[in-house]
Amino acid sequence: MAKRVVMLGPPGAGKGTQAKRLAKHLGVPHVSSGDIFRENLREKTELGRTAEAYMKRGELVPDDVTIAMIRERLSRPDCREGVVLDGFPRTPAQAEALDAMLQELYQARVDLAPLIEVPEEVLVERLTGRRSCPNGHVYHLTFNPPKEAGKCDHDGLELFQREDDRPETVLNRIQVYNRQTQPLIDFYDQRGVLARINGNQPIEAVSAELFAALEKA
Ligand code: ADP
Ligand code: AMP
């Protein structure tokens, strides 16, 4: 079964939600570049300070910084048997770098790149209603509310709205995706690993489609 998975799709498509479930199912780590950046931001590391201005505007953090960060994460032993990547790669240069890294570290390649497809107007609703916990668990005010308002079901931490989920930044993030990340669809299609998944259905139904694609890969 596919063990090295790259989640593709626009911001708000449900990559994180599905990546968590998939990683659990496969017994491999879920590696979210956005989560790692946010953790560095909170801890005020040098990486966090570098990333902050880009993230606030909804722009991409430069490739060299992002690639170095992911290389460090993928080098850790827990990634040896597989990984579900979420939010990386986001540019053709990152995708090329990932291929080289997987080859060098594990003599392996990307097995599956599920593309979660959702119409643009749905994305805006999903992003502006998203609420997050500091440990990366994600909810939606309407579509996936926590059991107790404002509190994470898993760890009881207070939920917050990401600064870049405010309406002014959301549209820019979608444009950045269209401009810089969409070319990756062809990149993975040409390698024969792309799987189109209908993301505009309930979370369980998306997972069912995703897991079925995994069985076939
Ligand atoms: P991404 O990682 O692609 O940015 P998320 O997984 O964080 O997306 O999901 C964005 C928002 O949409 C979250 O608030 C999440 O709870 C909600 N969501 C995810 N999948 C679905 C779905 N299938 N239907 C409705 N809402 C969803
Ligand atoms: P996400 O949590 O995936 O929505 O990412 C939040 C923000 O982190 C993005 O808008 C970017 O500023 C930054 N980021 C996350 N992943 C990457 C990446 N692969 N390349 C560049 N910037 C990224």
Side-chain angles (χ1 to χ4, degrees), residues 6-23 30-41 47-48 50-71 73-74 84-98 101 114-133 136-146 152-153 159-166 169-177 179-181 184 197-210:
V6 161
M7 304 298 292
L8 294 180
K15 298 182 299 296
T17 302
Q18 297 299 330
K20 278 207 162 48
R21 294 167 155 242
L22 188 55
H30 165 217
V31 171
S32 155
S33 45
D35 283 354
I36 302 177
F37 280 134
R38 278 184 289 278
E39 200 182 311
N40 277 276
L41 223 78
L47 176 63
T50 307
E52 188 169 16
Y54 299 97
M55 293 176 77
K56 266 198 179 139
R57 295 197 305 266
E59 302 288 336
L60 296 186
V61 178
D63 281 339
D64 54 345
V65 175
T66 307
I67 290 168
M69 173 186 88
I70 290 290
R71 165 179 269 284
R73 181 65 189 88
L74 287 185
V84 178
L85 278 166
D86 159 21
F88 181 94
R90 255 180 161 97
T91 64
Q94 292 180 16
E96 298 280 3
L98 176 63
M101 263 182 246
L115 168 65
I116 306 190
E117 298 184 291
V118 174
E120 202 158 303
E121 61 277 13
V122 178
L123 296 177
V124 175
E125 203 185 355
R126 286 200 186 169
L127 290 168
T128 52
R130 172 160 62 185
R131 294 295 180 271
S132 309
C133 113
H137 300 110
V138 165
Y139 301 85
H140 191 281
L141 291 177
T142 318
F143 307 133
N144 184 26
C152 179
D153 293 351
L159 302 181
F160 66 95
Q161 180 174 35
R162 279 170 47 176
E163 197 174 338
D164 61 351
D165 278 347
R166 293 173 207 261
T169 319
V170 158
L171 290 177
N172 188 41
R173 288 167 61 208
I174 294 172
Q175 276 174 14
V176 165
Y177 170 82
R179 235 181 9 245
Q180 295 182 261
T181 308
L184 297 190
I197 308 287
N198 174 12
N200 195 18
Q201 46 181 346
I203 292 172
E204 287 292 342
V206 179
S207 294
E209 238 187 89
L210 179 61

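First listed ligand is number 1; within each ligand, the first listed atom is number 1.
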Start with the C-alpha gap between Gln94 and Ile67, add the side-chain angles, then the distance that decides, and say whether side chain to side chain contact (heavy atoms under 4.5 Å, CB included) holds. CA-CA 6 Å; Gln94 292 180 16; Ile67 290 168; 4.0 Å; yes
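- The OG1 atom of Thr169 sits 11.5 Å away from the CE atom of Met55 when rounded to the nearest 0.5 Å.
- When only non-hydrogen protein atoms are considered, atom 8 (O) of ligand 2 lies nearest to Met55 CE, 3.5 Å.
- Counting heavy atoms from C-beta outward, Tyr54 and Leu60 have side chains that stay 4.5 Å or more apart.
- Looking at atom 4 (O) of ligand 1, its nearest protein heavy atom turns out to be Gly12 N, 2.8 Å.
- Near His140, meaning under 4.0 Å from one of its heavy atoms, ligand 1 places the atoms 14 (O), 16 (O).
- At least one side-chain heavy atom of Leu184 sits under 4.5 Å from a side-chain heavy atom of Pro92.
- Looking at atom 8 (O) of ligand 1, its nearest protein heavy atom turns out to be Gly14 N, 3.1 Å.
- Counting heavy atoms under 4.0 Å from ligand 2, residue Val61 touches it through both backbone and side chain.
- In terms of N/O distances under 3.5 Å, ligand 1 is not approached by Leu127.
- In terms of protein heavy atoms, atom 15 (C) of ligand 2 is closest to Arg90 NH1, 3.4 Å.
- Considering only non-hydrogen protein atoms, atom 7 (O) of ligand 1 sits nearest to Arg130 NH1, 2.6 Å.
- In this structure, atom 25 (C) of ligand 1 lies nearest to the protein heavy atom Phe143 CB, 3.5 Å.
- In this model, a donor atom of one side chain and an acceptor atom of the other lie less than 3.5 Å apart for Asp86 and His30.
- A salt bridge does not link Arg38 with Glu163: none of the charged nitrogens is closer than 4.0 Å to a carboxylate oxygen.
- Remark: ligand 2 atoms within the under-4.0 Å shell around heavy atoms of Glu59 are 11 (C), 12 (O).
- The side-chain heavy atoms of Leu22 and Met7, taken from C-beta on, include a pair separated by under 4.5 Å.
- Looking at atom 6 (O) of ligand 1, its nearest protein heavy atom turns out to be Thr17 OG1, 2.6 Å.
- Shortest non-hydrogen contact noted between His140 and Glu125 is NE2-O, 3.1 Å.
- Heavy atoms of Gly9 come nearer than 4.0 angstrom to ligand 1 in no pair at all.
- Residue Pro10 places a heavy atom less than 4.0 Å from ligand 1.
- For the pair Arg90 and Phe88, the cation-pi test (distance below 6.0 Å, angle within 45°) is failed.
- Close approach of ligand 2 to Arg38 is summarised as follows: ligand atoms under 4.0 Å from at least one heavy atom of the residue are 2 (O), 6 (C).
- From the protein, the heavy atom lying nearest to atom 16 (N) of ligand 2 is Ser33 OG, 2.8 Å.
- Atoms of ligand 2 lying under 4.0 Å from any heavy atom of Gln94, numbered from 1 in the order shown and given with element: 18 (C), 19 (N), 20 (N), 21 (C).
- Distances below 4.0 Å separate heavy atoms of Thr66 from the following atoms of ligand 2: 18 (C), 19 (N), 20 (N), 21 (C).
- Less than 4.0 angstrom separates some heavy atom of Lys15 from each of these atoms of ligand 1: 1 (P), 2 (O), 3 (O), 4 (O), 6 (O), 8 (O).
- At a heavy-atom distance under 4.0 Å, only backbone atoms of Pro202 (N, CA, C or O) approach ligand 1.
- The nearest protein atom to atom 23 (C) of ligand 2, hydrogens excluded, is given as Phe37 CE1, 3.7 Å; this is a heavy-atom distance.
- Between Gly14 and Ile116, the shortest heavy-atom distance links the atoms O-CD1, 4.0 Å.
- When heavy-atom distances to ligand 1 are checked against a 4.0 Å cut-off, Asn144 comes that close only through its side chain, counted from C-beta outward.
- For atom 12 (O) of ligand 1, the closest non-hydrogen atom on the protein side is Arg126 CD, 3.3 Å.
- In summary, the atoms of ligand 2 found under 4.0 Å from a heavy atom of Gly87, numbered by their order in the structure, are 16 (N), 17 (C), 18 (C), 19 (N).
- At least one heavy atom of Arg162 sits less than 4.0 Å from an atom of ligand 2.
- Checked for salt-bridge contact, Arg173 and Asp165 meet the test: a charged N lies under 4.0 Å from a carboxylate O.
- Nearest heavy-atom pair across Arg131 and Thr128 is NH1-O, 3.3 Å.
- Heavy atoms of Lys15 found under 4.0 angstrom from ligand 2: none, in either backbone or side chain.
- Set against the non-hydrogen atoms of Tyr139, the atoms of ligand 1 under 4.0 Å away are 13 (C), 14 (O), 16 (O).
- By the 3.5 Å distance cut-off applied to N or O atoms, Pro11 is not counted among the residues near ligand 1.
- Gln175 has its side chain within reach of Asn172: a pair of non-hydrogen atoms, C-beta onward, lies under 4.5 Å apart.
- Counting heavy atoms from C-beta outward, Ile203 and Phe143 have side chains that stay 4.5 Å or more apart.
- For atom 20 (N) of ligand 1, the nearest non-hydrogen atom of the protein is Ile203 CG1, 3.6 Å.
- Here's the thing with Val206: none of its N/O atoms is less than 3.5 angstrom from an N/O atom of ligand 1.
- Near Gln201, the atoms of ligand 1 lying under 4.0 angstrom from a non-hydrogen atom of the residue are 22 (C), 23 (N), 24 (N).
- A donor-acceptor pair under 3.5 Å links the side-chain atoms of Lys15 to the main chain of Pro10, judged by distance alone.
- A donor-acceptor contact shorter than 3.5 Å links the side chain of Ser33 to the backbone of Gly87.
- Looking at Glu52 and Asn40, their side chains never bring a donor and an acceptor atom within 3.5 Å of each other.
- Close contacts of ligand 2 with Arg173, meaning ligand atoms under 4.0 Å from a residue heavy atom, involve 4 (O).
- No side-chain heavy atom of Val206 sits less than 4.5 Å from a side-chain heavy atom of Thr17.
- The heavy atom nearest to atom 2 (O) of ligand 1, considering only Gly87, Ala205, Gly16, is found in Gly16.
- When each atom of ligand 2 is checked for a heavy atom of Gly34 under 4.0 Å away, the hits are 2 (O), 5 (O), 15 (C).
- Residues Ile197 and Pro114 come closest through the heavy atom pair CG1-CB, 4.1 Å.
- Ranking the protein heavy atoms by distance from atom 13 (C) of ligand 1 puts Val138 CG1, 3.5 Å first.
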